[in-house]
Structures are given as structure tokens and as C-alpha cells.
Amino acid sequence: MSEAALAIEDGSVFIGQPFGATLDVAAEVVFNTGITGYQEVATDPSYRGQMVVMTHPQIGNYGIAASGDESVRPWVSALIVRELADHPHHWEARMRLEDFLSTWDVPGLQGIDTRALVRRLRQTGTQRGVLRHSSSSGFTSTDLEELREAANAAPSVSQLDLVTGVSAVLPLTASDNQIALLDCGTKWNIVRSLERRGVRPRVWPWTASSDEILEARPRGIVISNGPGDPAKLPSVVGTVKQLVQSGTPVMGICLGHQLLGLSAGATTNRLRYGHHGGNHPVRDLASGRVTITTQNHEFQVVGATVPPASGFEVSQINLNDGSVEGLRHRELPAFSVQYHPEGCPGPQDSQALFDDFLGLASISTSPPDPLSFQDS
């Protein structure tokens with residue numbers, strides 16, 4: 001049986017069996033605590049530049065469904081699991097997970113102790129790593145030492161241009177031009193969540209200027225999620241600042257939230273091992289309401305650095321670690337959330353934020369039937 005090995009920069013090496021594409025990669029290693037939703041995780045553009053370890057012990061048991069994609073392709077650098085299901089069964093499955101990854105040149109690794117790997121990542125923080133396939137004779141001690149050295153040379157997401165390539169890739173043609181979507185790597189369910197409310201957004205690439213967007217006279221603007229370090233996108237920060245100052249309603253999601261924070265004069269930094277999963281409790285400071293949220297990010301807005309003169313204030317916090325989960329302007333119609341209100345995978349507790357945003361934009365819609373999100 002062929003082998004593949006994952007080495008991370010603390011010197012740990014995990015040897016297992018490869019699946020998917022026979023391709024060697026170097027990237028950051030993060031973990032996701034979701035029980036289901038591996039297809040949505042794999043196709044989330046925010047994971048570009050990262051290998052994802054799934055904490056659930058068996059992955060792939062319902063195959064790949066036609067309705068499960070969050071983008072046009074999987075964006076993870078690699079998928080790492082304890083056990084890959086041999087014979088997936090689901091009425092909607094169109095192919096096996098390993099065939100899906102292979103089609104898009106994404107490697108996978110199974111048969112390792114994912115609990116031990118995740119414990120290391122929790123203790124030491126997100127680490128860089130390399131995934132390599134062995135020759136027929138397996139790995140020698142020299143090979144493993146080379147792997148450890150290579151792990152220390154792997155790139156971090158802060159060194160890479162990740163937004164270029166994932167922006168404006170969704171095949172959307174129709175638009176009613178009421179809502180502008182500044183696409184830094186948006187997930188499909190953000191678009192679907194608007195469409196279920198009768199709104200077809202006009203998608204703008206991340207390079208679009210504020211003048212271009214405002215000349216189209218949108219009634220509201222969404223700043224999407226996306227991969228990488230927000231501090232590496234100073235031009236987008238400037239665009240977001242001008243969009244907010246225009247008085248047009250603005251909603252930021254995930255990376256969009258971080259860009260909004262930077263545009264207000266706050267700073268961002270890295271979390272120890274990020275937030276990746278569908279079980280993060282968030283409290284709204286004004287109402288006291290707690291929702292369970294889907295999250296996928298490595299960076300946070302530092303709440304203490306939000307300038308009072310900016311007009312923005314922290315509106316929501318994470319109940320696990322106290323990190324900032326939302327910002328809201330005291331006067332202008334602008335707010336953001338660090339999590340994914342569209343879920344996919346994960347809970348739909350925060351779908352009402354899209355209704356709040358469309359209300360700010362004076363767009364009358366009927367909230368969709370909650371059952372319409374069951375297939376998302």
C-alpha cells in the first residue's frame with residue numbers, strides 16, 4: 001500500500017495512506033470541528049492556502065452532492081482525515097469524495113491519528129506543514145528529516161496572494177443591481193441567501209474601486225468572506241472606507257468584517273489556532289441573544305483598537321474566547337459579523353442578519369421559509 005506523510009513545523013510527522021490527487025503540497029495546517037459538511041468545507045474559498053484536518057473520525061460517507069458546493073471547485077490545499085468512507089451512500093451523491101478531490105488536483109491523507117494532530121495544533125497554534133507521497137519503498141529516516149525541514153519553509157497565508165483567483169469565479173449572470181457584492185472569495189450560500197429574499201446581487205471583483213461600485217447606485221453593499229490576511233489588502237481597506245462613508249448600507253462578512261475593522265482604524269492579528277467549525281456561540285451585546293454560528297477564519301479585529309472617533313463599536317463577542325464577532329456603526333448604516341450568517345455547513349441561526357441588512361437598504365422582502373435552508 002502506498003504511503004504519504006504530513007510533517008508540521010514542530011517536527012511531528014504523521015504517516016498514512018493517500019487519496020485524491022497524487023500531489024505534494026506545502027501550506028498551513030488547520031482543523032475543522034464539523035461533524036458533517038466536508039464538501040462545503042473543501043469548496044470554501046476562505047480555506048485557500050490551508051490543509052484542513054477534519055476532527056470527525058469518518059469522512060466521505062455521503063459522497064459529493066450536487067447541492068453541496070460553495071464555489072466552483074475545492075480550494076483546500078489538502079484534506080486530512082482519520083478514515084475515508086469506502087462506500088458512500090446518499091440519494092443525491094454524484095461521486096466519491098476522493099474522486100472529487102482527484103479531479104481538481106487536491107490531495108488527501110487518511111489513516112493518521114487526527115486527535116493527536118489536532119491536540120498539537122491546539123497547544124501550539126496553527127502550524128505550517130508539507131504533505132508528500134512516498135516512493136514504492138516508503139519513507140526513510142533521511143526522507144523524514146527532509147520533510148521536517150521543508151515544513152519550516154512552507155508558506156503562511158500572510159505570505160501569499162490568495163484573494164486573486166477566488167474572486168468573482170461563481171457563474172452568475174442575472175442581476176437586479178439592488179445589492180452590490182464585493183467578492184473577495186464569496187460562498188455560494190451568501191448569494192443564495194439573498195436570492196431567496198428576491199434579491200439578485202451584482203458581483204464586483206475585489207479589485208473594483210468605490211467609484212465604480214457607487215456609480216452603479218446600489219441600495220446596499222455586501223463585503224464578502226475570503227482567504228488570507230486582511231492586512232495584505234490595503235487597497236480593499238481603502239475601498240471599504242469610502243463605501244461606508246458614502247452612506248450606502250454596508251454589511252461585512254468574515255474577511256469583510258476584518259476589512260471593515262481596518263477601514264475604521266482598528267488593527268487585526270492572528271488567533272492562536274483560528275475558528276473553524278459550526279458550533280461557536282456568539283452573544284449580541286445589545287440584545288443579549290446568543291446564536292450558534294459557523295466560522296472559518298485565522299484573524300480577528302482587536303476590539304481595544306477600534307477608535308471611538310470612527311463611529312464603530314463592538315456589537316458581538318465570541319463566548320468561547322471573548323474575541324470580536326461583530327461591529328456596528330453608531331450613526332451610519334454599516335455593520336459586520338466575523339462569522340458566516342449563511343452557514344453552509346452549519347446552523348442557520350443568523351439568517352435574519354440578511355433581513356436586517358436589506359431593511360437598512362429599504363428593500364422590502366418576506367423572510368424565506370426556514371425549511372428552504374434545509375438543503376444548504
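- Smallest separation of non-hydrogen atoms from Leu353 and Pro341: CD1-CB, 4.0 Å.
- Remark: the backbone N or O of Val306 is not paired with any side-chain donor or acceptor of Ser310 at under 3.5 angstrom.
- Ring-centre distance between Phe100 and Tyr38: not below the 6.0 Å cut-off.
- Closest approach of Thr126 to Gly274, counting heavy atoms only: OG1-N, 4.4 Å.
- For Ser209 and Asp211, the side-chain atoms include no donor-acceptor pair closer than 3.5 Å.
- For the pair Thr124 (side chain) and Arg120 (backbone), a donor-acceptor distance under 3.5 Å is present.
- Counting heavy atoms from C-beta outward, Ile213 and Ile221 have side chains that approach closer than 4.5 Å.
- Taken together through direct or relayed side-chain contacts under 4.5 Å among Ile, Leu, Val, Met, Phe, Trp and Tyr, Leu358 and Ile253 form part of one hydrophobic cluster.
- At a cut-off of 3.5 Å, with distance as the only test, a side-chain donor of Gln351 or Ser193 sits close to an acceptor on the other residue.
- Atom CZ of Arg270 is surrounded by more than 12 heavy atoms from other residues, nucleotides or ligands within 6.0 Å.
- Using cut-offs of 30° and 60° for the angle between ring planes, the His280 and His275 rings count as tilted.
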request  = Test Arg128 against Glu9 for salt bridge (charged side-chain N to carboxylate O under 4.0 Å, His left out), laying out the working first.
outcome  = CA-CA 6 Å; Arg128 297 169 296 166; Glu9 58 184 301; 3.1 Å; yes
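- Leu147 approaches Ala5 most closely through the heavy-atom pair CD1-CB, 3.7 Å.
- Residues Ser175 and Asn177 have side chains that never bring a donor and an acceptor to within less than 3.5 angstrom of each other.
- Other residues, nucleotides and ligands place more than 12 heavy atoms under 6.0 Å from the CG atom of Leu214.
- Counting heavy atoms of neighbouring residues, nucleotides and ligands inside a 6.0 Å radius, atom CZ of Arg217 does not exceed 12 of them.
- In terms of modelled atom types and a separation under 3.5 Å, the side chain of Gln258 and the main chain of Phe299 share a donor-acceptor contact.
- With respect to the salt-bridge test (charged N to carboxylate O, under 4.0 angstrom), the residues Glu195 and Arg192 do not qualify.
- Using a 3.5 Å distance cut-off with no hydrogens or angles, the side chains of Ser102 and Asp99 do not pair a donor with an acceptor.
- Gln300 and Glu325 share no donor-acceptor pair across their side chains, judged by distance under 3.5 Å alone.
- In summary, Glu342 and Lys187 engage in a salt bridge, as defined by a charged side-chain N under 4.0 Å from a carboxylate O.
- At a cut-off of 3.5 Å, with distance as the only test, no side-chain donor of Glu331 or His329 sits close to an acceptor on the other residue.
- No chain of hydrophobic side-chain contacts below 4.5 Å, direct or via other Ile, Leu, Val, Met, Phe, Trp or Tyr residues, connects Met51 to Val13.
- Ala266 and Pro307 get closest at one heavy-atom pair: N-CD, 3.9 Å.
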What side-chain donor-acceptor pairs closer than 3.5 Å can you find for residues 109-116, not counting sequence neighbours?
residue, atom, partner, partner atom, Å
Gln110, OE1, Leu84, N, 3.0
Asp113, OD1, Arg115, N, 3.2
Asp113, OD1, Ala116, N, 3.1

Side-chain donor-acceptor distances from residues 41-49 under 3.5 Å, at least two apart:
residue, atom, partner, partner atom, Å
Thr43, OG1, Gln39, O, 2.9
Thr43, OG1, Glu40, O, 3.4
Thr43, OG1, Glu70, N, 2.9
Asp44, OD1, Ser46, N, 2.9
Asp44, OD1, Ser46, OG, 3.4
Asp44, OD2, Asn296, ND2, 3.0
Ser46, OG, Asn225, ND2, 3.0
Ser46, OG, Gly226, N, 3.4
Ser46, OG, Gly226, O, 3.3
Tyr47, OH, Asn32, ND2, 2.9
Arg48, NH1, Leu162, O, 2.8
Arg48, NH1, Thr164, O, 2.5

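- Judged purely by distance below 3.5 Å, without hydrogens or angles, the side chains of Asp229 and Ser158 pair a donor atom with an acceptor atom.
- A pairwise comparison of heavy atoms in Arg82 and Pro57 identifies CB-O, 3.3 Å as the closest pair.
- Linking Ile, Leu, Val, Met, Phe, Trp and Tyr residues whenever their side-chain heavy atoms come within less than 4.5 Å places Phe357 and Ile363 in a single cluster.
- Side-chain contact between Ile317 and Leu285 is present, with heavy atoms from C-beta onward closer than 4.5 Å.
- No side-chain donor-acceptor contact under 3.5 Å links Thr186 to the backbone of Asp183.
- Val324 and Phe335 fall into different hydrophobic clusters, defined by Ile, Leu, Val, Met, Phe, Trp and Tyr side-chain heavy atoms under 4.5 Å apart, directly or through other members.
- Under the 3.5 Å distance criterion, with hydrogens and angles disregarded, no donor-acceptor pair is assigned to the side chains of Ser210 and Thr239.
- Ser336 and His257 are linked by a side-chain donor-acceptor pair at a separation below 3.5 angstrom, with hydrogens and angles left out of the test.
- Proximity of a side-chain donor or acceptor of Gln159 to a complementary backbone N or O of Ser156 within less than 3.5 Å is detected.
- Listed for the Arg94 side chain is a donor-acceptor partner under 3.5 Å among the backbone atoms of Ala65.
- In this structure a side-chain-to-backbone donor-acceptor pair under 3.5 Å is missing from Asp69 to Val72.
- Residues Leu121 and Val30 form no side-chain contact, since every pair of their non-hydrogen atoms from C-beta on lies 4.5 Å or further apart.
- Put simply, the side chain of Ser315 gets close to the backbone of Leu327: a donor and an acceptor are under 3.5 Å apart.
- Between Gln316 and Tyr339, the side chains place a donor N or O and an acceptor N or O closer than 3.5 Å (distance only, hydrogens not considered).
- Between Thr33 and His276 the shortest side-chain heavy-atom distance does not fall below 4.5 Å.
- The two residues Ala78 and Leu131 come nearest to each other via the heavy atoms CB-CD2, 3.8 Å.
- Within the 3.5 Å criterion, the main-chain N or O of Cys184 finds a donor-acceptor partner in the side chain of Ser224.
- Counting only heavy atoms from C-beta outward, the side chains of Thr248 and Leu243 never approach each other to under 4.5 Å.
- For the pair Thr291 (side chain) and Thr293 (backbone), a donor-acceptor distance under 3.5 Å is absent.
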message = side chain to side chain donor-acceptor pair (under 3.5 Å), that's the test. Do His133 and Asp24 meet it? Break it down for me.
response = CA-CA 6 Å; His133 294 72; Asp24 297 340; 3.1 Å; yes
